[in-house]
Every structure is written in structure tokens, then in C-alpha cells.
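Note sheet for the following structure.
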Amino acid sequence: MTVALWSQSMTGANPAHIGANAPTVKPRPAFAQTDLVALSRYFSLLMMRNITSDGYVIEDPTSPGVFSAPGCVIAAPSYPANTPGVDQDYVFNWVRDGAITAIEIALAGLLPIPGGVLPSLVDYVNFAALCQANAKNSDTVTLGHACFTITGEVRPWSEQNDGPAIQSIAILTLFDQLDGATQTIAKQLVQANLAYLLEVYQNKTTNLWEEYEGYSFFARAVQLRFFREISTNTIGITVPAGVADAISWLESQLATHWNGQLYVSILDAQEQAGYDANIDIVSSVCYGGIEPTDTKLLATAAILRRQWADPSSSNYYPVNGADAAKGLGPLFGRYPGDHYDGDVAAPVAGGHPWALCTANFAEFQYRLANAIDASGAIPLDQFSEPFFAELGLGASSSAADASAALRASSDAMLRAIVYHSDHYELSEQFDGTVGYEKSVRNLTWSYASFLSAVRARAAAPAAKSKPRNSRGPKS
């Protein structure tokens, strides 16, 4: 990969250029020259550092002498003692993060061992089964429990019912890369998740950002995708009659999140002001059963972009103005009323942009471009017109024009992530004013979201999951 080098003046420096007298020479990401597909392979390696095996073991930073079980996907190797200015410990296994990561491992084209088996996925399934068994044996949590220790023990945390759904989607995606014994375990995992979700899908749950309990658009979208995919599975799981009813109910309930201007993130919750437009609506295209051509989704996406990229917006990130002058961005945050910056003791009004939020928006646009290419038509109506207008598109634009504009726009977003990366390593957030990385370091989901976006960019046929196990979501 190409890098640009810069150095400060060497006037007066030690001729040997060693030690403290050496000039500052630092590689910087060459965002314009770097090939995004080539870089994604490197990001895949960085992501794999956060996944344990029987030979790659980590120690619990808060419990000396306690070591990881194989297949644990930690959210990030970041905790207060090693990350100044951050008071969050991410050395835990979140069900959602682990599943999103497992999907990327499964679709990365890694070399298997003889028999077509990928050991890291075997480890993942066994660790997931360990966590599920510990949740079953607990008197205080459900199968929707969201977070576990690196040994698979239940950690006090919230119940998040998107987790069992996306974990099951991951297993459908990776199933063919398991050995026979692990496939049996994988089927048992999915069957238990399926039975649980059929009991709770109509209930409130803790939302994606782990802040409120209510009816979450994201959780419903992920559950919808899972029920659709399990309904046509070919791995031998019997489909209960209730799945068809669940699909119909979730489709109808997702429609109720429309408030006339945008899709609302969570219903019937006492959330703070400024929770919409929320990026979790767009993330529902990447991980759930929402089509990118949904014109009400496009209306929501237009608001999301405007609130952080329009200088007249009270939620504008100044870094997006500087990036626009370089042909980059914009970067996206979670929601306009965000205050979290990695240190809950020092909230920042408006929060900051996140790598994963930006990559998810880029992926949504790549998926939209792919859909337009396939249909030869732009989904243009009174709801979507503002979204396309921001890209210079309208009624006179061709499908080819729209596809090209969407891909170029998403490329600029991914290149902004590269530009602001710390030597290509991705933390959770970027400072909204000057763009430097902040919050927890080397967030696993940051890498996974970039990989997923690049796959959508290439119009990978397995972008959602393997066709043999599922059909695509309805619009």
C-alpha cells in the first residue's frame, strides 16, 4: 500500500539521526491512493487480533490469572488503565459485536484447513454455545443477554433481543465452514434462539446503543431478517408455524416507526431529546431486513446526512467542512443528542462521529447503488427526492448516473475513515472538530463495518448470507 511521508526540518539534528535527535518521520494514510479492497484485507488482520483461540490467549485486565476461552470476540482491547481519557472497559464479549465479526470472518475468503473447516469459526460457535449455556443456567438473565466475560460467564448487563437474531444469522452464514460436530452445536444454538425469539419478538428490549428499553427499529429489523432467513433454511432446522406470523407482525410494526418525516429509532421509551434521526435506522439495512430502496428510509438518510454535514445545522461536525475541501466525508455519528465520547464522566454535547456509523452509511449507499443497477430504476418519489437531490440527482437522472454518484459518495466516506485513522488502526470515534481518533482503541466493530461496506461496494453475491440458507428481505 502507498503511504505519504512527512518530516519536520532536520536543521541542527544529529547527523546520525538517531534517538531523541532524530527528525520526526511518520507515515500518514494516503487516502486518495490507497485501494479500499487491498486495505480491507489489512483491516481483516487487525480485526482478527481481537479474537482468541486455544493458542492466542488474553488475560482479563481486571482479574489477573483469568484467561480467555477460544472463540471469544472482544469488543476492543481497551480499558481505563491503558487508554488515557477513557473510562470504559471493552474487554468483554458482546453477542452482537461477535456475530457481526463472525460474518466478516466467514465471508473473508480465508484459507480453511482440510475439509473446508475454518478453525476460528469453530471456536466462535463453541464460545457462543458456552455463553448461551451460562445464560440458560442463570436465574437473572435471558437468552437475550448481551454481554459476557472472556471466559463466557454472564456479566451484569442488559437484555438485547437483536443479539440472538444476529447471532443466528451469522451461524447460517458460516455453517458450511464448520466440521460435523460443530454443525450439530450450531443447529442447537439456532434452535434455542429461534424458540426464544418467538416468545419475545413482540416485547420491548434494550436498544442498539444500550440506553433505553422500548420498541427498537433496529432490533425489529434484525429479528425480521432472521425469521425470513430461517424460514427457508436448508441446514435441517424445522420451521415452526409461528415464524410466518412473526414476519407479518414485524413488517407491520416497523411501518409504525414512520412519523411523517423519518423512521423513529425507538417507540414507547422515555428517550432524551435529539434521539432522531438515528444512524441505527441505516444500520438496519446492513444487518437487518430493511431494503435500501425503501423511500422512507431514504428520507431518514437525507436528514442524517444533513444534520452532520450541513454547516447551517446545529449538529454540524466542523471536521466535515475541512474534509469536504479534500473531497472526503462526511463522517457520521450516532444521533444528534449524543453526549458519549468514551468518557462518561466528561460528556460532550453532540457527541462525535464514529467509524462504524460512517461505514454503515457508506454500505447502505453501495447497496442502494447495487439495487439501482439491478432494477435499472431510481426509487424516486416525494419521500426520497431530498436524498437524491443532495447527490445532484433528480427526475432527469439515469440509473447509471445515480449508481455512480452513490458509489463515489460512499468511497469519499470510507476514505475519510482512512484519512483520520491512526496509522490505519481504527478506534471507536473521531473528534468532531479536528478529526483525531478518540475513545476506545481498535474497536472490532469498526473494522468489521469497513469490511462489510467494501463487500457491498464490490457487489458481493453473499453480502447478506449464503443464498442456500436464505432469501433476500422483502421491501
Side-chain angles (χ1 to χ4, degrees), residues 75-76 78-80 83-90 92 94 96-97 146-147 156-158 160 162 205-214 216-219 259 262-284 300 303-323 329-361 416-417 420 426-441 443 445-446 449:
S78 186
Y79 52 98
T83 315
V86 174
D87 60 6
Q88 301 297 292
D89 183 353
Y90 275 31
F92 293 99
W94 269 265
R96 180 194 308 110
D97 297 38
C147 194
W157 209 252
S158 56
Q160 299 173 32
D162 62 302
T205 189
T206 304
N207 73 330
L208 172 62
W209 305 125
E210 305 183 323
E211 294 166 329
Y212 301 104
E213 184 176 347
S216 164
F217 188 95
F218 180 85
N259 71 357
L262 51 74
Y263 279 129
V264 174
S265 170
I266 189 165
L267 299 177
D268 201 19
Q270 298 300 313
E271 79 273 14
Q272 66 190 58
Y275 215 60
D276 296 293
N278 197 305
I279 199 72
D280 65 357
I281 304 300
V282 163
S283 299
S284 299
T300 309
I303 296 171
L304 279 163
R305 180 168 188 144
R306 232 173 10 248
Q307 71 190 7
W308 289 310
D310 185 341
S312 67
S313 168
S314 60
N315 303 298
Y316 176 64
Y317 292 136
V319 66
N320 282 334
D323 282 357
L331 297 170
F332 290 76
R334 299 193 300 174
Y335 52 89
D338 201 356
H339 287 78
Y340 174 69
D341 77 337
D343 183 355
V344 296
V348 174
H352 297 280
W354 289 41
L356 73 90
C357 296
T358 305
N360 279 178
F361 198 96
I417 294 174
H420 291 291
L426 298 179
S427 295
E428 183 179 65
Q429 302 177 48
F430 304 106
D431 184 271
T433 299
V434 297
Y436 64 81
E437 290 201 323
K438 63 186 294 90
S439 191
V440 298
R441 297 171 178 168
L443 188 75
W445 193 351
S446 292
S449 64

Under the salt bridge (charged side-chain N to carboxylate O under 4.0 Å, His left out) test, residues paired with E213 that sit two or more places apart
none

Distance alone, cut at 3.5 Å: any donor-acceptor contact between the side chains of D338 and W209?
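Side chains of D338 and W209: no pair found under 3.5 Å.
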
Under the side-chain hydrogen bond (donor to acceptor under 3.5 Å, both in side chains) test, residues paired with [X] that sit two or more places apart:
X: Y90; answer: Y340, E428
X: Q307; answer: none
X: T433; answer: none
X: R96; answer: Q160, D162

If a pair satisfies salt bridge (charged side-chain N to carboxylate O under 4.0 Å, His left out) and one of its residues is in residues 273-284, list it, with sequence neighbours excluded.
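Qualifying pairs, neighbours excluded: none.
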
Under the salt bridge (charged side-chain N to carboxylate O under 4.0 Å, His left out) definition, can you give me all pairs with a residue in residues 430-441, not counting sequence neighbours?
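Qualifying pairs, neighbours excluded: D341-K438.
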
Identify, with sequence neighbours excluded, every residue that meets ring pair (Phe, Tyr, Trp, His ring centres under 6.0 Å) alongside [X].
X: H420; answer: F430
X: Y275; answer: Y212, Y335
X: Y263; answer: F217, W258

Can you see which heavy atom on G333 is nearest to which on Y317, and at what distance?
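That would be CA-OH, 3.5 Å.
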
N320 side-chain N/O to W308 backbone N/O, donor-acceptor pair under 3.5 Å
yes

Sub-3.5 Å donor-acceptor pair from the side chain of S216 to the main-chain atoms of I266, do we have one?
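Checking the backbone N and O of I266 against the side chain of S216, no donor-acceptor pair under 3.5 Å is found.
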
Just jot down the side-chain contact (heavy atoms from CB on, under 4.5 Å) partners of A345, sequence neighbours excluded, or say none.
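With neighbours one apart ignored, the set is D87, D343.
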
Checking S446 now: which residues fulfil side-chain contact (heavy atoms from CB on, under 4.5 Å) with it, not counting sequence neighbours?
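If we apply the side-chain contact (heavy atoms from CB on, under 4.5 Å) test to S446, skipping adjacent residues, the hits are A355, L426, L443.
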
